[in-house]
S.K.: 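Take a look at the following structure, please.
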Amino acid sequence: MNIDSAHLLRWILVETSHPGNAGSAARAMKTMGFQDLHLIKPKIQRITKEPEAIALASGAVDLLDSAIEHSSLGQSVEGYSLVLGLTSRDREFGPPALDWHSALSLISENTQNQGKTALVFGPERTGLENHHLSLCTHRVWLDANPDYPSLNLAQAIMVCAYTLRQVLQSPGIGDASKNRDSGVDLADPAAVTAMLEHWREGLEAIGYLNPANPKKLMPRLEALFARSRLRKEEIDLLRGIAKQMLLRK
């Protein structure tokens, strides 16, 4: 594997507040050989054109110019079989949790199978919220000082970009023949989210889910399906079941 595989990696900043962070992210990415930068609902429209962003990009203005803004995270991760949400906060529900070292192995295997990987970084002040993580296949944390695990956005991106570069340049990292979840036919998180909405409607239709008192049924189902790493044909199967539930109305 080599750094030419970098085109299979997307870097996503969610609701970024400070133009300087967009610029610093672009600089870190370009320094390590990455270029696919997406921004989801930044707090400032056209944030990459702000003077502070351009100044802190320090020669990586081409990445800012090519960065794409989306109105929703779902748009940006469509077609991506591995979506890693970077956050140190533990959650009761949500996708399976991994340390960054384990995530590197997953990325390596996915890339060798020509699967696409997205790295998702949350807002500076709050980090990723649960509705963001619902569109991720895994929650990932960086191993830092447990008494002070806080990295700013640019630092986190640089750590990830540097270590990913080492992995992509190292031959033999991750044996694709051992990979049971070849990235080419795994469902992307947006498809899983749409299926879960279909199931919510179906469960309400048969009276199993009370919309006035849903308790934690849907978050538990989200966590269950996130652990399962569903394939595209399995999504079709589950949506067929939901359709039959709706026909019972």
S.K.: Take atom CD in Glu233; do more than 12 heavy atoms of anything else shown fall under 6.0 Å from it?
M.R.: yes
S.K.: Go through Glu234 and Arg231 one step at a time and tell me if the salt bridge (Lys or Arg N to Asp or Glu O under 4.0 Å) criterion holds.
M.R.: CA-CA 5 Å; Glu234 292 169 337; Arg231 296 177 181 271; 5.2 Å; no
S.K.: Please determine, by modelled atom types, if Asn110 and Thr117 share a side-chain donor-acceptor pair under 3.5 angstrom.
M.R.: yes
S.K.: Between Leu196 and Met218, which heavy-atom pair has the shortest distance, and what is it?
M.R.: O-CE, 3.4 Å
S.K.: Using every non-hydrogen atom in the two residues, find where Ala26 and Leu63 come nearest and quote the distance to one decimal.
M.R.: O-CD2, 3.5 Å
S.K.: Is it the case that over 12 heavy atoms from other parts of the model lie below 6.0 angstrom from the CG atom of Asp143?
M.R.: no
S.K.: Is it the case that the side chains of Ser105 and Glu109 hold a donor-acceptor pair, with the cut-off being a distance below 3.5 Å and no angle test?
M.R.: no
S.K.: Are Thr87 and Trp141 linked by a side-chain donor-acceptor pair shorter than 3.5 Å?
M.R.: no
S.K.: Ignoring hydrogens and geometry beyond distance, is a side-chain donor-acceptor pair present between Asn21 and Ser24 at under 3.5 Å?
M.R.: no
S.K.: Just verifying a value: how many Å separate Arg165 CZ and Thr31 OG1, rounded to the nearest 0.5 Å?
M.R.: 9.5 Å
S.K.: So Asp188 and Lys232, salt bridge (Lys or Arg N to Asp or Glu O under 4.0 Å) or not? Walk me through it.
M.R.: CA-CA 8 Å; Asp188 66 57; Lys232 292 176 181 177; over 6 Å; no
S.K.: Within a radius of less than 6.0 Å around CD of Glu15, do more than 12 heavy atoms belonging to other residues, nucleotides or ligands occur?
M.R.: yes
S.K.: Can a donor-acceptor pair be found between the side chains of His132 and Asn130 at a distance below 3.5 Å?
M.R.: no
